[in-house]
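Have a look at the structure below before the remarks.
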Amino acid sequence: MAHYVGAIDQGTTSSRFIVFDQAGSIVSVAQKEHEQIYPKPGYVEHDPLEIWRNTQEVIAQALDKKGLSAKDLAAIGITNQRETTLIWDRRTGKPLHNALVWQDTRVDPMVHALAKQGGPDRLRSKTGLPLASYFSGLKLRWLLDNVPGARAKAEAGDVLFGNIDTWLVWNLTGGPDGGRHITDVTNASRTQLMNLHSLGWDEDILRLFDIPEACLPKILSSSEVYGEAKGVLAGVPIAGILGDQQAALVGQTCFQPGEAKNTYGTGCFMLMNTGETPYPSKAGLLTTVGYRFGTAKTVYALEGSIAIAGALVQWLRDNLGLIQASSDIEALARSVEDNGGVTIVPAFSGLFAPHWNADARGLIGGLTRFVTKGHIARAALESTAFQTREVLDAMAKDTGIAVKELRTDGGMVVNELLMQFQADILNVPVVRPKVIETTALGAAYAAGLATGFWSGTEALVQNWAVDKRWTPAMATAERNRLNAEWAKAVTRSLDWVG
Ligand SMILES: Nc1ncnc2c1ncn2[C@@H]1O[C@H](COP(=O)(O)OP(=O)(O)O)[C@@H](O)[C@H]1O
Ligand SMILES: O=P(O)(O)OC[C@H](O)CO
């Protein structure tokens with residue numbers, strides 16, 4: 001009998017394959033980074049073939065490490081960086097262009113043009129999303145307009161569109177040889193092409209964006225058997241698909257309305273379960289699909305998306321050479337007592353929630369000759385905490401719910417300095433669960449629920465356990481002073497270009 005469930009977690013910086021047992025504990029893991037391609041300012045691309053190769057490699061490695069094979073897996077789930085957009089040839093399986101990553105801002109001119117036509121309100125009420133370069137729809141439009149011959153082939157159904165989930169399922173189920181062209185409702189909700197109420201592609205928006213429906217995948221639930229894998233996982237049912245932030249919501253077992261989690265990876269994303277009807281935001285949040293398990297009712301979420309969190313740590317490492325490894329930032333930040341008056345606003349792709357200012361750009365403010373590398377490191381970590389505070393305030397404004405404690409996960413939460421500062425600046429306790437790979441865990445849960453490996457959500461809630469809790473320890477006056485400095489710096493970063 002198969003004792004485990006596997007999950008592919010294809011993130012912005014790396015691909016992982018993780019094997020979980022019935023208790024939701026990690027049995028084996030393998031991970032590989034892929035190249036970030038920056039052809040010009042504002043452009044961010046990934047090579048889809050590299051992602052597919054890495055995915056196959058990490059699957060084989062994770063199984064090998066523990067002497068496992070496909071027979072040991074009851075099912076696999078897939079979770080992925082959302083919105084990242086690619087098109088490929090149905091016959092050859094070859095991508096027609098690098099994938100346009102969610103952070104890529106090349107469609108800003110289209111955003112401005114559509115805004116003049118009065119699009120934003122219509123789009124928000126139908127899709128829950130503001131008009132922004134972040135989502136897939138306009139990225140797909142750019143590819144169809146700019147890759148020679150792509151539009152005609154897409155109209156004929158010979159060129160397929162997908163986010164990374166769709167690309168991986170299609171390849172895992174045979175590629176040109178009968179691969180399934182599907183997505184799940186959470187990923188579809190981030191294209192800005194899906195109607196949040198009918199959960200189908202919206203004809204009006206397809207017309208507005210000039211997208212042929214023939215190239216779009218079929219939208220399915222987040223938890224059902226989509227097909228069997230071929231290759232190294234031959235015969236294993238693929239039974240769960242969730243965008244990575246929704247997967248973390250499931251992995252953190254936020255199944256009750258009002259429960260929320262915050263995932264600190266390349267970006268930082270807070271999602272709150274808002275129950276079975278879409279909850280419109282007036283405070284700059286996104287309304288999105290949280291999850292849909294098989295034929296059960298769809299659960300919606302409010303989301304505060306922050307584009308740059310861990311990516312700023314990577315930037316200090318790769319572009320400035322201040323640190324050798326991301327993990328070095330904590331010691332460097334601890335080498336000083338405070339931020340020395342420095343504030344960093346990492347508006348590298350504009351500012352996302354709650355500002356949605358495409359023309360914002362990053363700044364480092366408050367520099368004096370006193371400032372050292374340590375202060376820069378500290379201000380970099382603090383920027384994630386300040387952005388999270390803005391998002392939590394927006395959640396409270398929209399829903400009237402003051403989160404009692406914040407469940408965290410993602411690559412940055414090993415950073416204890418950040419976790420304490422986060423609790424201090426929110427004035428809310430911050431909790432880290434035992435398993436911080438909740439993104440992969442959520443995808444595994446979706447797959448295991450569909451195949452009966454887990455009996456229901458109650459069993460999953462039993463699996464969740466606290467590793468560490470940080471309680472607020474900062475004086476109110478200091479918190480207010482720091483928050484005011486942050487607000488001032490944000491004002492200066494807005495509308496920098498354009
Ligand atoms: N100790 C650390 N302190 C701060 N940031 C870290 C630390 N370790 C990793 N990171 C950051 O976490 C991010 C990776 O987290 P992960 O959840 O794997 O991201 P993703 O899913 O977006 O690929 C990177 O941006 C990295 O810079
Ligand atoms: O890869 P992550 O974890 O930074 O997540 C990216 C998000 O899905 C983008 O919306």
Side-chain angles (χ1 to χ4, degrees), residues 7-16 18 29 31-34 36 44 46 51 54 58 79-85 99-104 129 132-136 139 163-165 186-187 189-192 242-249 251 261-271 286 288 301 303-319 322-334 346 348-349 352-353 377-378 380-385 408-419 421-422 432 436-443:
I8 297 168
D9 177 1
Q10 203 304 297
T12 310
T13 52
S14 71
S15 309
R16 301 173 174 79
I18 306 188
V29 56
Q31 176 172 8
K32 187 163 184 191
E33 285 206 15
H34 56 268
Q36 306 294 317
V44 188
H46 290 160
I51 284 180
N54 288 1
V58 293
T79 180
N80 55 292
Q81 52 169 323
R82 306 163 304 168
E83 299 97 12
T84 297
T85 302
L100 309 194
V101 176
W102 57 277
Q103 294 163 326
D104 190 296
L129 310 173
S133 62
Y134 178 23
F135 310 107
S136 320
K139 290 181 159 73
N163 295 124
I164 298 292
D165 62 315
T186 64
N187 276 292
S189 76
R190 316 298 295 202
T191 58
Q192 201 152 48
L242 287 155
D244 56 7
Q245 303 308 324
Q246 285 87 344
L249 190 73
K261 68 86 204 180
N262 201 29
T263 302
Y264 299 73
T266 307
C268 189
F269 301 85
M270 190 187 299
L271 267 75
L286 309 181
T288 198
E303 171 174 322
S305 329
I306 295 166
I308 303 291
L312 180 59
V313 177
Q314 287 172 308
W315 183 77
L316 296 185
R317 182 193 70 187
D318 302 338
N319 296 43
L322 283 192
I323 45 176
Q324 294 280 307
S326 292
S327 52
D328 297 342
I329 196 164
E330 182 161 356
L332 184 56
R334 282 190 193 279
F348 293 171
S349 320
F352 284 16
R378 204 158 181 125
L381 291 175
E382 289 182 359
S383 71
T384 291
T408 65
D409 54 67
M412 288 184 95
V413 302
V414 294
N415 193 310
E416 306 233 349
L417 182 68
L418 170 61
M419 292 293 97
F421 187 74
Q422 184 69 87
R432 184 173 71 195
I436 61 167
E437 295 283 3
T438 46
T439 300
L441 183 59

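Quick note: residue numbers are just sequence positions, from 1. In listed order, ligands and their atoms are each counted from 1.
- Near Thr12, with a cut-off below 4.0 Å to any heavy atom, the atoms of ligand 1 are 23 (O).
- Of the N or O atoms in Gln31, none lie within a sub-3.5 Å distance of an N or O in ligand 1.
- Taking every heavy atom of Ala311 and a limit of under 4.0 angstrom, the matching atoms of ligand 1 come to 25 (O).
- The ligand atoms of ligand 1 that sit less than 4.0 angstrom from a heavy atom of Val414 are 1 (N).
- With a 4.0 Å heavy-atom cut-off, ligand 1 is reached by no atom of Ala309.
- Scanning Gly11, Gly410, Ala333, Gly310 for the heavy atom closest to atom 25 (O) of ligand 1 points to Gly310.
- The side chain to side chain contact (heavy atoms under 4.5 Å, CB included) test with Ile308 singles out one residue from Phe348, Phe352, Trp315, and that residue is Phe348.
- Contacts with ligand 1 closer than 4.0 Å are made by side-chain heavy atoms of Asn415 only, the backbone lying farther away.
- If you check the side chains of Gln31 and Ser14, you find a donor sitting under 3.5 Å from an acceptor.
- Expressed to the nearest 0.5 Å, how far CE of Met270 lies from CG of Leu249 amounts to 12.0 Å.
- Here the straight-line distance linking atom CZ of Arg82 with atom CG of Asp165 works out to 11.5 Å at 0.5 Å rounding.
- Annotation: atom 27 (O) of ligand 1 to nearest protein heavy atom, Ser326 OG, 2.9 Å.
- Considering Glu330, Gln10, Arg16, Met412 only, the shortest heavy-atom separation from atom 16 (P) of ligand 1 involves Arg16.
- Among all protein heavy atoms, the one lying closest to atom 13 (C) of ligand 1 is Gly265 C, 3.9 Å.
- Against a heavy-atom cut-off of under 4.0 Å, Val313 is close to the following atoms of ligand 1: 5 (N), 27 (O).
- One distance of note links CD of Gln422 with SG of Cys268; it measures 7.0 Å at 0.5 Å rounding.
- Residue Gln81 places no heavy atom under 4.0 Å from ligand 1.
- Nearest to atom 17 (O) of ligand 1 among the protein's heavy atoms is Gly411 N, 2.9 Å.
- Scanning both residues, Ser383 and Leu312, for their nearest heavy atoms gives OG-CD2, 3.4 Å.
- Here Thr13 has heavy atoms under 4.0 Å from ligand 1 in both its backbone and its side chain.
- Under a 4.0 Å criterion applied to the non-hydrogen atoms of Ile329, ligand 1 contributes the atoms 3 (N), 4 (C).
- Of the N and O atoms on the side chains of Asn80 and Asn163, not one donor lies less than 3.5 Å from an acceptor on the other residue.
- Within 4.0 Å of ligand 2, protein heavy atoms belong to Gly11, Thr12, Gln81, Arg82, Glu83, Trp102, Tyr134, Asp244, Gln245, Thr266, Gly267, Phe269, listed by chain and number.
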- Just do the side-chain contact (heavy atoms from CB on, under 4.5 Å) check on Gln36 and Asp318 with the steps written out, would you? CA-CA 11 Å; Gln36 306 294 317; Asp318 302 338; over 6 Å; no

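- What sits closest to atom 22 (O) of ligand 1 on the protein, heavy atoms only, is Thr266 OG1, 2.4 Å.
- The closest approach between any non-hydrogen atom of Gln314 and ligand 1 is below 4.0 Å.
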- Task: Please lay out, stage by stage, how Arg16 and Glu437 fare under the test side-chain contact (heavy atoms from CB on, under 4.5 Å).
- Result: CA-CA 10 Å; Arg16 301 173 174 79; Glu437 295 283 3; 3.3 Å; yes

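- For the atom pair CZ (Arg378) and CD1 (Ile329), the distance works out to 11.0 Å, reported to the nearest 0.5 Å.
- Between the side chains of Arg190 and Thr288, at least one donor-acceptor pair of N or O atoms lies under 3.5 Å.
- Arg432 and Glu416 are joined by a salt bridge, as a carboxylate oxygen and a charged side-chain nitrogen come within less than 4.0 angstrom of each other.
- Between the side chains of Asp409 and Thr438, at least one donor N or O lies within less than 3.5 Å of an accepting N or O.
- Annotation for Glu33: atom CD counts as buried by contact number, over 12 foreign heavy atoms lying within 6.0 Å.
- Not one N or O of Tyr264 is nearer than 3.5 Å to an N or O of ligand 1, by distance alone.
- Between the side chain of Gln192 and the backbone N or O of Leu129, at least one donor-acceptor pair lies under 3.5 Å.
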